[in-house]
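Below is one structure, written out as structure tokens; comments come after it.
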Amino acid sequence: MGNEVSTVHSKDAQQKSDGEETPLTPVVTFQRKFARNGSAGFPDIDKLALSPANISLKAGDFEKHKIPNQLSDCWSIEDPKLDAMIAFSETVPNSVFLRPGIAEYKTWITVFGTKIASKTEYKRWHIRILPNPQRIGGIKGNDLCKTAHIMLGIVDINNLSYKQRGCATQIQFWERPFFGYAFGAATGRKYHCDAKGVNYGSKCKIGDTIAVVLNRTCNNITEHSELEFHTNDIVHGKAFNVDDTRNYILAVALSDDTYQIQIEC
């Protein structure tokens, strides 16, 4: 299926005060299309199809019906079927989890987003931590009470090798030699180029939603370079002033298979 753009015009025309008729502005909306790789839930954000919007729009009201943005991000996994460590959920869009057996190694497996947050940009990622029904044994009664052993944050994309991009990789992006910033959901601590971290926020569990918020906007007076984290809309405050000479991507590290992680739209 190729990408198509369709438009729809209202049959009614807006009457101007002088009696002249002006056709309404065409309206289009995005319709999500999934990648043609057989993995349900893996949206290809660069191949979103367009379909007509069933909206009756009055002249002057276009701001109420803006064309929505593309997905905030998606996981950088070039071939989900061939990735040895990460699998995509069959039921939850844009959600990944550790393949069976990987968690037994007790190591961190990191996945990345695709959107690069450059200087002057404001970027917010909402990461949902969900039970994983596809793990061996399925969901258990106490899964929603379990601490989420996840590290979430950003990493300098230029610190990653070509082989580390487009797949899950066994690295700890918040430690050297990488240049990353992270929030430990299981510890409530923040980390930057170290393994110990410092106290920052509250611990998180499966079922929570964590927002990674990077503000790099600037104007004639102020330049921002703040990174902060929110848990279930509770703001923990500024975690770091990031190095404003670098470009960052989303990074999330998993260590067990009791949960799946989803980038919300």
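Being a predicted model, the structure only gives us computed values, none of them experimental.
- With D257 contributing its side chain and A103 its backbone, the two residues share no donor-acceptor pair below 3.5 Å.
- Here R99 contributes atom CZ and D83 contributes atom CG; the two are 6.5 Å apart, rounded to the nearest 0.5 Å.
- Counting only heavy atoms from C-beta outward, the side chains of Q164 and F178 approach each other to under 4.5 Å.
- Under the 4.5 Å side-chain criterion, counting only non-hydrogen atoms from C-beta, T258 is not in contact with N132.
- Within the 3.5 Å criterion, the main-chain N or O of D156 finds no donor-acceptor partner in the side chain of R246.
- To the nearest 0.5 Å, atoms CD1 (I261) and CG (L254) are separated by 4.0 Å.
- Closest heavy-atom contact between D73 and I263: O-CG2, 3.9 Å.
- Annotation: F183 is not in aromatic contact with Y181 [ring centroid separation under 6.0 Å not met].
- Between S202 and H236 the shortest side-chain heavy-atom distance falls below 4.5 Å.
- When every heavy atom of F88 is checked against every heavy atom of P80, the shortest pair comes out as CD1-CB, 3.4 Å.
- Panel note: side chain S72, backbone E264; a donor-acceptor pair is recorded below 3.5 Å.
- Residues A117 and K123 share a closest heavy-atom pair of CB-CB, 4.2 Å.
- Summarising the local packing, OH of Y105 is surrounded by 12 or fewer heavy atoms from other residues, nucleotides or ligands at distances under 6.0 Å.
- Residue D194 qualifies as enclosed at atom CG: its count of foreign heavy atoms under 6.0 Å is above 12.
- I129 CD1 to T147 OG1: the interatomic distance, rounded to the nearest 0.5 Å, is 10.5 Å.
- Within the model, atoms CG of N241 and OG of S225 stand 4.5 Å from one another, a figure rounded to the nearest 0.5 Å.
- Looking at heavy atoms from C-beta onward, N215 lies out of side-chain contact with E228 at the 4.5 angstrom threshold.
- Looking at heavy atoms from C-beta onward, L160 lies in side-chain contact with I171 at the 4.5 angstrom threshold.
- A heavy-atom distance below 4.5 Å is not found between the side chains of H126 and R128.
- No more than 12 heavy-atom neighbours from other residues, nucleotides or ligands sit within 6.0 angstrom of CZ on R176.
- Nearest heavy atoms, R216 versus D244: NH2-O, 3.0 Å.
- Judged by distance alone, the side chain of N232 and the main-chain N or O of I234 form no donor-acceptor pair under 3.5 Å.
- Considering only heavy atoms from C-beta on, T169 comes within 4.5 Å of F112 through its side chain.
- The OG1 atom of T187 sits 7.5 Å away from atom NZ of K203, with the distance rounded to the nearest 0.5 Å.
- Under a hydrophobic-cluster definition in which Ile, Leu, Val, Met, Phe, Trp and Tyr are linked whenever side-chain heavy atoms come within less than 4.5 Å, directly or via other members, Y248 and I210 are assigned to the same cluster.
- In this structure the side chain of V213 never reaches within 4.5 angstrom of the side chain of L227, judged on heavy atoms.
- Within the 3.5 Å criterion, the main-chain N or O of V92 finds no donor-acceptor partner in the side chain of Q262.
- I249 and V212 fall into different hydrophobic clusters, where Ile, Leu, Val, Met, Phe, Trp and Tyr side chains are chained together by heavy-atom contacts under 4.5 Å.
- In this structure, CD on E121 lies 11.0 Å from SG on C218, to the nearest 0.5 angstrom.
- Taking the six-membered ring where tryptophan is involved, the planes of F229 and Y200 are perpendicular, since the angle between them exceeds 60° and thus also 30°.
- Using modelled atom types, one side-chain atom of S255 and one backbone atom of H149 make a donor-acceptor pair closer than 3.5 Å.
- Annotation for P131 and P133: closest pair O-CD, 3.2 Å, computed over non-hydrogen atoms.
- Hydrophobic cluster membership differs between W125 and Y191, with clusters built from Ile, Leu, Val, Met, Phe, Trp and Tyr side chains linked at under 4.5 angstrom.
- Within the 3.5 Å criterion, the main-chain N or O of A195 finds no donor-acceptor partner in the side chain of W174.
- When all heavy atoms of K190 and K238 are compared, the closest pair comes out as NZ-O, 4.4 Å.
- In this structure, K146 fails the cation-pi test against Y259, since its NZ or CZ atom is not both closer than 6.0 Å to the six-membered ring centre and inside 45 degrees of the ring normal.
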